[in-house]
Amino acid sequence: MTTTMEKLEYNKTLNLPETEFPMRGNLPQREPEIQAKWDALNIYAKVQEQQAGKPKFILHDGPPYANGDIHIGHAMNKVLKDIIVKYKTMSGFDAPYVPGWDTHGMPIEHAIIKNKGINRHEVPVTEFRQMCYDYALDFVERQKGQFQRLGVRGDWQNPYITLQPEYEARQIQVFGEMAKNGYIYKGLKPVYYCAACETALAEAEVEYADKTSPSIYVKFEVLDGKGVLPAENTSIVIWTTTPWTLPANVAISLGPDFEYDLVAVNGENLLIAQHLVSAVLKTAGVDAQPKVLKTFKGSELELVTCKHPFLDRESLVILGDHVTLESGTGCVHTAPGHGMEDYLVGLKYDLPILAPVDGQGKFTAEAGKYAGQFYIKANKQIIADLQESGRLLVEKSLDHSYPHCWRCKNSVFFRATEQWFGSIDKFRDKLLEEIKKVEWSPVWGEVRLHNMVADRTDWCISRQRKWGVPIPIFYCNDCNTEIINDSTIDKLSKLFAEHGSQIWFEKEASELIPHGLTCSCGGDTFRKESDTMDVWFDSGSSHMAVLDARPELQWPADLYLEGSDQYRGWFNSSLSTAVAVRGQAPYKAILSHGFTLDGEGRKQSKSLGNVVDPLNVMKQYGADILRLWVASVDFRSDTRVNDAILKQVADVYRKTRNTFRYLLGNLNDFNPQTDLVPLDQLLELDRWALNKFEQVRERVLKGYEANEFHVVYHEINNFCTVAMSNFYFDVSKDRMYTVAPKALERRSGQTAMYQILVALTQLLAPILTHTADEVWTYVPGASEESVQLTEFGGVVAPFDAELDKKWDAILSVRDEVLKAMEVARQEKTIGKSLTASLELYPDSKTAEILASAPNLKEVLGVSYVAVQEVGTAVAADATQYNGLFVKVTAAGGETCERCRVVTPDVGTQAEHPTLCPVCADNVVHFIK
RNA sequence: GGGCCCAUAGCUCAGUUGGCUAGAGCGCACGACUGAUAAUCGUGAGGUCGGAAGUUCGAAUCUUCUUGGGCCCA
C-alpha cells in the first residue's frame, strides 16, 4: 500500500448512496410498464385470493355513463375509490371492487341518430337498439382503458354493465317487486310532444326558435268568491299565448304574496295583479283611470271558483310560486295536461290532468265542439268564440321563443300522456327513516337528500324511448287491463337473462307471456307496453343486480362514493328501489365529493377553455401525479385544478421520490435478515427518526380511516421534507458515509431507514400506486411481487412522547444556531457548516437542552463546538439568539480529505497525511 | 326563485368547546454546497382570515346581512 492515496481514491472508501432507482419518475412511460406487470400478475385476482376470508368491505361502484371519454370528475371519483379499496385491503379487509357502466338512455340514442344520421322511425327497432348496444360497449371498452391507465385496480374482466342480460333480468324483477308491493301505477304527465313526428320528445330533443303566437286576455267569471271576493259581475283576467290549451283549463294560479286589485272597468269588475293593472288596461285600450274597489293578497283568494269561459266546468283559484309579475295579469291560466309547471302545481291541489289532444295533435271529444280540429288551427275559432261570448278582453300577437322539434322543426307542445310511476308517496316515510340510519359524509348530505326526498313528486319511470329496458307490462287486447304478476315477471326475467331485453322487441306478446296467461275478463291475447324505463331505474337497481347477485359482494354496501350531483341521482334512485323492495337503504355510508373547477374556482367548460383533461395530465405528468393531486385536496367540497396546481403537486412528488431514492441509496448493502439492529441498541438520533415516523404513521392511518387523504398528503410531505430531508438525512449523512460499512453506527441508521422505507412505501401505495410498486422492487428483502399484496405493518417502535419532546427542544436550539451560522455565511466567515466552529453561551435552560443532545457536532453539522458554562462572560463578538449567545468562526486546521471535517488533527497519521485520525482508522475497512 | 355547500398567505391545507404577535409545506427572493447533483441545505419576505354590521373583556372561530363561486331543482 502506498503512503498516500490519491484524493479521488478516498471517494471509494465512503458509503455513498447508490441505487438503480431513478431520480426522475418518467411516469408517462414507466406507468404503463408497471400496469403491464400487474396485468401479467392478474393482480386483482391475486389480491382477492389472498384476502379471501377476511372481513369484507364493499364499495359499490356507481356506473358512469358509457358515452365519451373520461373527464377530470371521473378521474377523481375512480381514484378516490381506488385509494379507499387499496387502503382497506392493506388494512386487512377483503375489498372487492367491481366497476360498472350505465349504458341505456337518450344520450346514446341521440349520438346514434346524430353521428350516423339514422332516422329512428325508419330503422327497425331491433336494429336501432343493436347500434346503441354496440356504441355503448365501444365506450365501455374505451373508458375501461382510461380507468386502468389511472392505475385503478378492479375486476376489469367482469365489470357490471346495465345492458348485460343478467342485469336486465334482475332489473325487471325489481320493477316486478315494486309492482307487487303496489308501488307502481299508471298516471298522466305532460311531456314535450311533436304532432308531426307523433312522438314524445326529451328535453334535449327540443330546440328554441322564434314564433308568433296569439296573445289573449280572457275573463273568467267568478262563481263563488268564498265570501272574500264579491262574485257579482266579477271576472279574473288571465293571459295566454296558447288559446288551444283553454279546453284543458282547470285552474287559475295566483302568487300567494302578490297584491291583486279588483278594478271597475266599463261596468264590470276585473281582478288583476296590482303591478300589472295599468299595463293590462292599456293593452286592452281602456283609457279611463280604473277605480280600485278593493285589494287582495293572492293567498286570500285561494279556492275561489270561476266559470270556464266556454265549457261547463269550474276553474279553481290556486296558489303557486311559478306565478310572476313580468308579463300577463298575475293570474295564470292553468292546464296541468299541457304544461310542466301547471302539472306540478296541479299535483298539489289534486287537479284533474286534462289533455284533450290525441297523438296526431287533434282535439278529442273531450274538447267539445273543437273535436277533430288540429290544435293550432283551433286557436282562431276559440278566440272568435271568446270574442262572441264577451269573455275576451283583448287579443294581440306576440313574438317569442318557443320550443320546436329538433328533427322536423315544427313547434312542439306539452301533452299529458299515460306513464308509469313509482309511488314515492307510499314509502316516503320509510325513505326518510332510512336516510337517518345512513352515515353521511359530509354530514350535510343527510339534510340534502332528506329535503329532496321530502319534496319530490312521484317517480315517473316511463320513457317513450327505444334504447332502454322495457317496462315489463302486458295489456289485455280485450279489456286493456295491464298485466304484471309473478308469473309474467318470472317468465320475462328468464327470457331476459338468456337473450337480453332485446327479445322484448323481437318477439310478439304471445311469445313472451307465460303459458296459459288469461286476463280476468277471459281475454287471452295481449300486447306489450311500449315505454322503456328511466335510466335512473337501471342504475338504481344495481344494488340488486350486482351487490345481491355476485357471490363476492354483499348487500347492503358499506359505502357509495360519488359526486355531489348524485344526491338527486344515484343515491336517490338506489335508495328508492331498495326501500321499495327491501325496506332498507342499500348503503351503510355515503361519501360524496365535490366538483372540479378551474384555478379560479369557476366551472370548467369548453367555451371558457379552462378544461383540464385527465388523459392529457397522464400523458404529460403521469397518473401518479393526478392521483397525488386527488389526494392533496379536500375533496368533500369543490376543488380547483390547473397547470400551476399540478406543477406544485409534481414538485411534491419529486421530493417524495427523492426521499425514497435516498433511503434506497443508503440501504444498498443492507440485508434486513442479518443487519437489523435491535431497538434498544439504536443510536438515539435513529431512534428519534423512528419515533417521528411512528407519530406520522398513526396520523396517516387516521387520515385514511377518516377518508381525509389531504391529511395523509400533508403529513407525509412534511415528514419527508422537514423531519427527513432537512434534518435527519442532513445530520446523519456524514456518519452514514464515513463510518465502516458494518459499524453499529451505520447499521443503526440503516435500520431506521429500512423500517421507514418499508412502512412509508406501504402507506403511500394507495395513492402513489405505481411509484410505490416501483420502489417496492428495490426494497431490500421485499419478496412480494407487488406492495399491493402486503398489509400495513404494526408499530415498529412505540411512540415515545418524552423522546419527541426532548428532541423538539434540541431542534429549536438548532434553529437558533442555524440563524447565527447564516449570518456568518453571508459575511463569508464560513461556507458549508463543516467549515464552522461554534462557541455557545447558553442560558441555564438551553444549557440543559444542549447537554441532553447525544452528539452536538452531528446535530449541528459543524467541525467544532464549545459549550460554555452558564454564566461565563459572553465573548464580545457573540450574537444573542433565543436562549443563547452564539459566536461563529472559521474552524481551525485542515480539511480532512475524506470526511471533510476541519480539524488541526489532519495528518497525525503518517500513512494518511490528508486524513483526520478517525478517517485514518476507518479507511482500513475499505482497503482490501 | 327554492334546497344544499364553499370562501384563512401566490398554491394546497392546519387552526380543538371564541383567548397569547393566525401556523405548515410548496412556490418565491437571497445565499450555501458540489459526496442525494436536472439533486441537497440555510435564511427571509408573504395574510386587515371574501366584505359589512352585531354579540363579547376578547371572534378566523357565534349571529345577521352582503359579495363571489359550485351542485341540484324550478
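Numbers restart at 1 for each chain; the letters A, B, ... are given by sequence-line order, proteins then strands.
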Undergrad: In whole Å, measure the gap between the P atoms of B:G69 and B:C30 for me.
TA: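 Going atom to atom, P in each nucleotide, I get 37 Å.
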Undergrad: Roughly how many Å apart are B:C57 and B:G50, using the P atom of each and rounding to a whole number?
TA: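 It comes out at 25 Å once rounded to the nearest Å.
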Undergrad: Just to confirm, is there a sub-4.0 Å distance from OP1 or OP2 of B:U34 to any side-chain nitrogen or oxygen of A:Lys832?
TA: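 Answer yes for this pair, as a side-chain N or O of A:Lys832 is under 4.0 Å from OP1 or OP2.
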Undergrad: Please round to the nearest 0.5 Å and tell me the distance separating atom CD1 of A:Ile830 and atom OG1 of A:Thr835.
TA: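 Nearest 0.5 Å value for the CD1-OG1 distance: 5.0 Å.
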Undergrad: Does B:G70 have OP1 or OP2 sitting under 4.0 Å from an N or O in the side chain of A:Ser564?
TA: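 No.
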Undergrad: B:C4 and B:C49: how far apart are their C1' atoms, nearest whole angstrom?
TA: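 After rounding to an integer number of Å, I get 24 Å for this pair.
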Undergrad: Suppose you measure atom P in B:A60 against the same atom in B:G54; what distance do you get, rounded to whole Å?
TA: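 Each nucleotide's P atom is 15 Å from the other's.
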Undergrad: Taking the side chain of A:Arg900 as its heavy atoms from C-beta onward, which of B:U12, B:U34, B:C41 lies nearest to it?
TA: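 That would be B:U34.
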Undergrad: Between A:Leu608 (CG) and B:G70 (P), how many Å, whole number?
TA: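 In whole Å, B:G70 P lies 9 Å from A:Leu608 CG.
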Undergrad: Would a line drawn from the ring center of A:Trp570 to the ring center of A:Tyr560 be shorter than 6.0 Å?
TA: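 They qualify: ring centres under 6.0 Å apart.
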Undergrad: So, is A:His714 near the phosphate of B:C26, with a side-chain N or O under 4.0 Å from OP1 or OP2?
TA: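 False: A:His714 side-chain N/O out of range (4.0 Å or more) of B:C26 OP1/OP2.
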Undergrad: Using the P atom on both, measure B:U8 against B:U48 and round to a whole Å.
TA: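 13 Å, rounded to whole Å.
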Undergrad: Whether A:Asn718 contacts B:G25 is assessed here as follows: a side-chain N or O lying under 4.0 Å from the phosphate OP1 or OP2. Is that the case?
TA: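 Answer is no, no contact under 4.0 Å.
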Undergrad: Counting the benzene-type ring for Trp, do A:Phe21 and A:Phe660 have ring centres under 6.0 Å apart?
TA: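 Ring centroids of A:Phe21 and A:Phe660 are no less than 6.0 Å from each other.
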Undergrad: Would you say B:U43 has OP1 or OP2 under 4.0 Å from some side-chain N or O of A:Arg825?
TA: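 Result: no.
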Undergrad: Could you tell me the separation between the CG atom of A:Leu628 and the C1' atom of B:C13, rounded to a whole number of Å?
TA: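 So the two atoms are 13 Å apart, to the nearest Å.
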Undergrad: How close or far is atom P of B:G2 from atom CZ of A:Arg568, stated in whole angstroms?
TA: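 Rounded to whole Å, this separation is 17 Å.
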Undergrad: Quick one: does A:Thr659's side chain have a donor or acceptor within less than 3.5 Å of a partner on A:Lys655's backbone?
TA: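 Between the backbone of A:Lys655 and the side chain of A:Thr659 there is a qualifying donor-acceptor contact (under 3.5 Å).
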Undergrad: Looking at A:Arg602, does any N or O in its side chain come under 4.0 Å of the phosphate oxygens OP1/OP2 on B:G69?
TA: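 So the side-chain polar atoms of A:Arg602 do come within 4.0 Å of the phosphate oxygens OP1 or OP2 of B:G69, strictly under.
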Undergrad: Can you check the distance between B:C62 and B:U16, where both ends of the measurement are the P atom (answer in whole Å)?
TA: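 My reading of the P atoms in B:C62 and B:U16 gives 10 Å.
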Undergrad: For B:G27 versus B:G44, give the span between their C1' atoms, rounded off to a whole number of Å.
TA: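 Each nucleotide's C1' atom is 14 Å from the other's.
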Undergrad: Stems in RNA chain B: runs of 3 or more consecutive Watson-Crick or G-U pairs, distances under 3.5 Å?
TA: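 RNA chain B forms these stems: B:1-7 with B:67-73, B:10-13 with B:23-26, B:28-32 with B:40-44, B:50-54 with B:62-66.
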Undergrad: Looking only at atom P, what distance separates B:G18 and B:U56, rounded to whole Å?
TA: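 Their P atoms lie roughly 16 Å apart.
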Undergrad: Side chain of A:Asn658 only, please: which of B:G10, B:A39, B:U43 is the nearest?
TA: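 For A:Asn658, the side-chain atoms sit closest to B:A39.
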Undergrad: So does A:Arg448 get a side-chain nitrogen or oxygen closer than 4.0 Å to the phosphate oxygens (OP1/OP2) of B:C71?
TA: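 Looking at the OP1 and OP2 atoms of B:C71, neither is under 4.0 Å from any side-chain N or O of A:Arg448.
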